[in-house]
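Worksheet for the structure shown next.
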Amino acid sequence: KQEVTQIPAALSVPEGENLVLNCSFTDSAIYNLQWFRQDPGKGLTSLLLIQSSQREQTSGRLNASLDKSSGRSTLYIAASQPGDSATYLCAVSSTGANSKLTFGKGITLSVRP
Amino acid sequence: EPEVTQTPSHQVTQMGQEVILRCVPISNHLYFYWYRQILGQKVEFLVSFYNNEISEKSEIFDDQFSVERPDGSNFTLKIRSTKLEDSAMYFCASRGQGTMNTEAFFGQGTRLTVV
């Protein structure tokens, strides 16, 4: 059974800092991995999708990497801003490209002005 | 930009009552999902739906739950007799078809409170 872990549960950084959020998964046979942002009480906004054959994806100040063999992904946020404060979730599809997503619990990021 | 829409945004219901949560997936998507998130916990998979039938369901999705795509645009989740532990945020999601269109898009959620 796939398990997704995100540690630490919370992170606080000063504005302008570059930071890395970690995600690990127990079964390396994944089809894709997706990073989401969730604001308090709100829905999930897709940030980046990495296919299993890819090593990384970039969108603006965000860069996500994937190392399937070690069961890890990272989300790199450059030059963090207070508006980046949110919970960041990673999720994997393990049984097919369009199969269910298994989520981590998320990392709550606070960027201090 | 296309989006998944869910109604209502909040629903309060008495224990034992039936509720229907509604979703309009992105129009050209073919895979549909319901997830839920109990306060402070992980987002959990409930059910996936493709080609007018359930393709996978979790152990949470028991006989009290059902899904339907009644008219080619709406996708509904029905809970027949709600329990206190059904209180959660319920998310609908959809995906396109093929290995290159696998990004899942989520709605803003319906907060269900069972009293």
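Heavy-atom basis, side chains included; hydrogens, waters and symmetry copies ignored. Keep in mind that what you see is a predicted model, and the values were worked out from it rather than measured. Lettering follows sequence order; numbering is per chain, from 1.
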### Query
Out of curiosity, does B:V47 fall in the hydrophobic cluster containing B:V19 (side-chain heavy atoms, cut-off under 4.5 Å, transitive links)?
yes
### Query
Are there more than 12 heavy atoms of other residues, nucleotides or ligands under 6.0 Å from atom NZ of A:K42?
no
### Query
Does A:L19 share a hydrophobic cluster with A:W35, counting links as ILVMFWY side-chain heavy atoms below 4.5 Å and allowing steps through other members?
yes
### Message
How about CD on B:Q14, more than 12 heavy atoms from neighbouring residues, nucleotides or ligands closer than 6.0 Å, or not?
### Response
no
### Query
Hey, does B:F106 have a side-chain heavy atom less than 4.5 Å from the side chain of A:Q38?
no
### Gap separating the CD1 atom of A:I50 from the OG1 atom of B:T102, nearest 0.5 angstrom
11.5 Å
### Query
Is a donor on one side and an acceptor on the other found under 3.5 Å between the side chain of B:K42 and the backbone of A:V4?
yes
### Query
Counting heavy atoms not belonging to A:R72, are there more than 12 under 6.0 Å from its CZ?
no
### Query
For B:G40, does its backbone N or O pair with a side-chain atom of A:K105 as donor and acceptor, under 3.5 Å?
yes
### Task
May I ask you to check whether over 12 heavy atoms, not counting those of B:L84, lie within 6.0 Å of atom CG?
yes
#### Entry: B:E103 side, atom CD; A:F36 side, atom CZ - distance, nearest 0.5 Å
7.5 Å
### Query
Would you say B:D63 has more than 12 foreign heavy atoms packed within less than 6.0 Å of its CG?
no
### Task
Between chain B and each of A:S93, A:S99, A:A91, count heavy-atom pairs under 4.5 Å; write down the option with the most.
A:S99
### Message
Quick check against the 3.5 Å criterion: does A:Q34 have a side-chain atom that pairs as donor or acceptor with the backbone of B:A104?
### Response
yes
### Task
May I ask you to check whether over 12 heavy atoms, not counting those of B:F65, lie within 6.0 Å of atom CZ?
yes
### Query
How long is the span from the OH atom in B:Y35 to the CG atom in A:L101, to the nearest 0.5 Å?
4.0 Å
### Message
To the closest 0.5 Å, what do you measure between CD (B:E44) and NZ (A:K100)?
### Response
11.0 Å
### Part of B:Q37 lying under 4.5 Å from any heavy atom of chain A
side chain
### Considering all heavy atoms, the nearest B:R95-A:N98 contact
NH1-C, 3.2 Å
